[in-house]
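First comes the structure, then the notes that go with it.
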Amino acid sequence: MQILRASQHRVMPWKNGGGSTTEIALAPEGAGLDDFDWRISMAVVAADGPFSAFPGVDRTLAVLDGAGLVLHGLPGGPARLGRATAPFGFPADADVAATLPDGPITDLNVMTRRGRFGGRVRRIVETGPVAVAADAAVTLLLAETPCRLTVDGLPPIELGRRDAMRLDGPIGRLALTADGGVEAYLVELTAVG
């Protein structure tokens with residue numbers, strides 16, 4: 001198990017140079033933007049504009065802060081995402097642009113290389129046990145609010161806002177508790193093939 005503290009996340013420029021991203025985790029370790037198997041990051045989107053293109057990659061996006069954004073260029077037409085919207089998946093090699101009708105946002109961005117990994121992202125807003133996919137090769141939980149995390153058979157872990165826990169291999173289930181409300185994002189990555 002790895003605890004990835006918010007203060008240690010790596011900040012780097014976007015692939016298209018339009019902003020910066022905060023990288024939480026990726027594999028394999030040391031991979032670049034063109035050869036990762038999977039990558040989990042956050043970004044502040046402060047202006048309308050195109051998304052960076054990642055050939056052969058699928059992307060899931062969730063809004064962490066701000067009122068939301070509208071994605072344009074998707075086959076089904078525009079999609080509006082907000083904080084309460086379920087994480088939204090689309091091909092990262094599509095010609096997609098975003099508009100910000102109500103100002104800047106911060107997003108969570110999970111990318112998986114097609115043919116190597118698939119992923120599922122869930123927003124967790126209740127305390128208690130959470131089932132995790134039995135076939136998950138990697139599980140990552142990103143805390144949006146401070147919370148206490150318990151994973152089967154391990155001592156409890158205190159996570160601050162934007163701290164993350166990464167565990168490789170199946171974990172069965174985990175539980176979240178907090179003095180106030182809980183908000184977290186659970187990323188489950190499965191190997192393909």
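A quick note: this is a predicted structure, and the numbers were derived from the prediction, not measured.
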CG (Leu64) and CG (Asp107) are apart, to the nearest 0.5 Å, by 7.0 Å
Linking I/L/V/M/F/W/Y whenever their side-chain heavy atoms sit closer than 4.5 Å, directly or via other members, would Leu33 and Met111 fall into one cluster? yes
I'd like to check Val187 versus Trp38 (side-chain heavy atoms, cut-off strictly below 4.5 Å). Are they in contact? no
Let me check something: do Val110 and Val57 share a hydrophobic cluster, defined by ILVMFWY side-chain heavy atoms less than 4.5 Å apart, either directly or through other members? no
Can you tell me how far CG of Leu4 sits from CD of Gln8, rounded to the nearest 0.5 angstrom? 8.0 Å
Looking at Pro91, is its backbone amide N or carbonyl O close enough to the side chain of Arg59 to form a donor-acceptor pair, meaning the two atoms are under 3.5 Å apart? no
Heavy-atom closest contact (Ile24 atom, Ala164 atom, distance): CG2-CB, 3.9 Å
Arg113 side chain to Pro55 backbone, donor-acceptor under 3.5 Å: yes
Determine whether Leu141 and Ile171 fall in the same hydrophobic cluster, where Ile, Leu, Val, Met, Phe, Trp and Tyr are linked whenever their side-chain heavy atoms lie under 4.5 Å apart. yes
Value for CG (Leu186) from CZ (Arg123), rounded to nearest 0.5 Å, stands at 13.5 Å
Pair Glu188 + Arg122, salt bridge at N-O below 4.0 Å: yes
Note: Phe36 and Pro28 closest approach over all heavy atoms is CA-CD, 4.3 Å
Closest contact, heavy atoms only, Thr150 versus Pro156: OG1-CB, 4.0 Å
Quick check: closest heavy atoms across Leu71 and Leu74, and the distance to 0.1 Å? CB-CD1, 3.9 Å
Have a look at Val121 and tell me which of Leu189, Thr60, Leu140 forms a side-chain contact (heavy atoms from CB on, under 4.5 Å) with it. Thr60
Please identify which of these residues, Val182, Leu174, Thr177, Asp163, meets the side-chain contact (heavy atoms from CB on, under 4.5 Å) condition with Leu149. Leu174
Does Asp95, at its CG atom, have more than 12 non-hydrogen atoms belonging to other residues, nucleotides or ligands within less than 6.0 Å? no
Have a look at Met42 and tell me which of Asp65, Asn109, Leu142, Val11 forms a side-chain contact (heavy atoms from CB on, under 4.5 Å) with it. Leu142
Salt bridge present between Asp93 and Arg114 (N-O < 4.0 angstrom): yes
Rounded distance (nearest 0.5 Å) linking atom NE2 of His72 with atom CG of Asp48: 7.5 Å
Gap between atom CG of Leu167 and atom CG of Leu154 - 0.5 Å precision: 7.0 Å
Show the nearest heavy-atom pair for residues Ala143 and Ala184, with the distance to one decimal. CA-CB, 4.2 Å
Any donor-acceptor pair under 3.5 Å from Thr21 side chain to Ala43 backbone: no
Answer yes or no: is there a side-chain heavy-atom contact under 4.5 Å between Pro101 and Val70? yes
Have a look at Glu183 and tell me which of Arg161, Arg83, Arg162 forms a salt bridge (charged side-chain N to carboxylate O under 4.0 Å, His left out) with it. Arg83
In terms of heavy-atom contacts, His9 and Glu23 come closest through CB-O, 3.5 Å
Kindly work out whether a path of hydrophobic side-chain contacts (I/L/V/M/F/W/Y, heavy atoms less than 4.5 Å apart) joins Val138 to Ile3. no
For the atom pair CD1 (Ile40) and CZ (Arg166), what is the distance rounded to the nearest 0.5 Å? 8.0 Å
Is the number of heavy atoms from other residues, nucleotides or ligands under 6.0 Å of Glu126 CD greater than 12? no
Would a hydrophobic clustering, with Ile, Leu, Val, Met, Phe, Trp and Tyr connected at side-chain separations under 4.5 Å, put Leu176 with Val125? no
